[in-house]
Amino acid sequence: MSSLSATLTQLVARSRELGADRTVCNWGGGNTSAKADEIDFRGRPTRILWVKGSGSDLATVTDASFTGLYMDDVLPLLERERMSDSEMVSYLAHCFYEPSRPRPSIETLLHGFLPFTHIDHTHADATNYFACARDGEQLARDCFGDALIWVPYRRPGFGLAREVALAVRANPQAQLVILAKHGLITWGETDATCYATTIATIARAREFVEARIAHSERTLFGGARITASTSEQRHAIAAQVAPILRGLVSAEKSQILRFEEGEDVLTFASSRDAQRLTTVGAACPDHLVHTKPWPLLVDWTPEQDSATLAAALRTGIAAYVAKYQHYQEENAQQDLDPDAATPVYRATDAASDPHPRVILIPGVGMFTTGKDAAMADVSAQLYRRAIAVMRGAEACGGFISLSDAESYAVEYWPLEQYKLKLAPPEREFARRVVLITGAAGGIGSALCRRVAQDGAHIVATDIDLPGAEQLAASINEHFGPGRAIGVKMDVTQEESVRAAFERAALAFGGLDTIINNAGLASVHPSPIRRLSNGIGT
Ligand SMILES: [Zn+2]
């Protein structure tokens, strides 16, 4: 029984440990495996490959996130020269040790074909400094010597797994594989040595590249092109334009926005090199479905006013959409599964909204978009990883990425799109932001829970801040992180109402619905009505 598999228990713990450090494992990226002798349903001992399922995140995996496959079924595939993606998926579906497990990772065969007991495949920042750099291969060799196998870029799948397996077979001294423009593979004969090797390899790459950065004459990202505004100014301008931006990126489907203003983000967005680097491409193939190949860098500086920024957002988004649609059209005839008997084109139901997912405003910060706050947060996290990778890669001869055709082949790869389809269907109030006044009271909190249950994001406002915050925390615990914020608001004070609207704009990008539930003793009209004009999306 899997629940008793000591190997699987160890693997879950190792995976979570790797996932806990986002510089090692970005969100949803990377996968781990272990091979073990288990007992099959007839009581016979059998060799099983435990590998992470598709679509889960290493940081939060449980034993149910892994799938066991019979090695006796997996290994003969290495004798084949090619295999289409659909063949691979249906073949692996026949190798399940236990039914009702998730579909195994799209990188399963990387694990299955290598002769090592424990394997980590990560997209660590530090090894991607090399993987995404013009001089990366040479510098990685300088760093790791002949322990390194460097595999040129090719899309994940059967072909890549086979190429890696043959390279390792031909280089028995190897201790790591770097997949160009993609990631790292490390291994060990025990769970502990595998983990230690992964961490040590990443640390060595980091040390090597950090030393280069320290000795470099170049300023980070070419230095500042503009000076970032103060935190207060940034918040004011971001809150002002967020609803406009949200309206613009929601032309096809309503989006939730997230605002990010970490130092890394501000430095990058305000730098001289941002203009060049934002056109290069993604820092890792698995970012693509969450960040698209490029962010939008808005053509604006803090010396200009918010009306100019609104206009720059309009022209910037329009230009981005045109560029993205051109990219879609240019690649529409690309065969996404070249080893299949008949060509495979982008599925008609594939998510293909042409609007940017990452919007950088120089001097102000970054907005990311998503169908909910959690997915907008994933885009933000991944783009921060991209900034980190670009910083290192720039010190290794310059950041490089996938070509447009390579990006498209991953972004619209049916196996990547499958991960997106694992999400449950959207509920009635999904993608909507609802502000409720008097939220901490009995009726208010019941209202909040009700609309949250229907998928809404909640701005729970009340004069009782601890009460509103407590409610928001409980909604987040129930319905997922980022779904609600608690805000102090006195509906009789215009300034207080304005501040609450700003918080909503920064947290979610704006409001769709207001439920004015707070009891008013005053006979004056609610200031909300006057303020709401132009604030919604
Ligand atoms: Zn990978």
Side-chain angles (χ1 to χ4, degrees), residues 11 14-15 18-19 21-33 49 51-59 61 65-67 85 88-89 92 102-114 116 118-132 136 140 149-165 167-168 176-187 194 198 201-202 205 281-291 293 378 381-382 385-386 388-389 393 400-402 406-407 409-420:
L11 177 59
R14 181 174 97 228
S15 305
L18 291 169
D21 182 348
R22 290 308 190 188
T23 68
V24 171
C25 271
N26 50 41
W27 187 93
N31 31 73
T32 49
S33 71
L49 166 69
V51 64
K52 198 200 78 159
S54 195
S56 49
D57 179 23
L58 283 174
V61 284
S65 316
F66 287 82
T67 297
D85 299 327
M88 178 178 79
V89 168
L92 291 177
R103 185 196 273 195
S105 160
I106 54 186
E107 289 168 321
T108 291
L109 293 181
L110 275 178
H111 297 268
F113 286 170
L114 288 175
F116 312 112
H118 300 267
I119 299 171
D120 293 334
H121 166 49
T122 53
H123 305 148
D125 288 1
T127 40
N128 274 13
Y129 295 164
F130 295 134
C132 300
I149 293 176
W150 178 274
V151 176
Y153 179 77
R154 75 190 280 179
R155 201 197 58 185
F158 179 85
L160 177 63
R162 185 169 185 274
E163 188 175 337
V164 169
V168 168
L176 70 144
V177 176
I178 290 183
L179 306 172
K181 302 180 192 175
H182 177 170
L184 169 71
I185 306 169
T186 36
W187 52 82
C194 181
T198 302
T201 303
I202 294 166
C284 186
D286 76 336
H287 292 191
L288 282 161
V289 291
H290 300 290
T291 64
V378 164
Q381 285 190 42
L382 293 180
R385 301 271 53 84
V389 169
I400 54 168
S401 174
L402 309 181
E406 288 167 342
S407 292
V410 173
E411 197 177 346
Y412 290 106
W413 190 22
L415 300 195
E416 276 289 339
Q417 293 282 326
Y418 170 81
K419 292 188 197 170
L420 300 178

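Just follow the structure's listing: the first ligand is 1, and inside any ligand the first atom is 1.
Residue contacts to the Zn ion (ligand 1): D286 brings no N, O or S atom closer than 2.8 Å.
Here the N, O or S atom of H182 that is nearest to the Zn ion (ligand 1) is NE2. Nearest to the Zn ion (ligand 1), among the N, O or S atoms that E107 has, is OE2.
When atom types are taken as modelled, the side chain of R385 and the backbone of R22 share a donor-acceptor pair closer than 3.5 angstrom.
With sequence neighbours left out, R14 forms a salt bridge (Lys or Arg N to Asp or Glu O under 4.0 Å) with D120, D191.
Ring planes of H121 and H182: perpendicular class, angle over 60° (limits at 30 and 60°).
Side-chain polar atoms of T201 and T186 form no donor-acceptor pair below 3.5 angstrom.
Angle NE2 (H123) to the Zn ion (ligand 1) to NE2 (H121): 100°, rounded to 10°.
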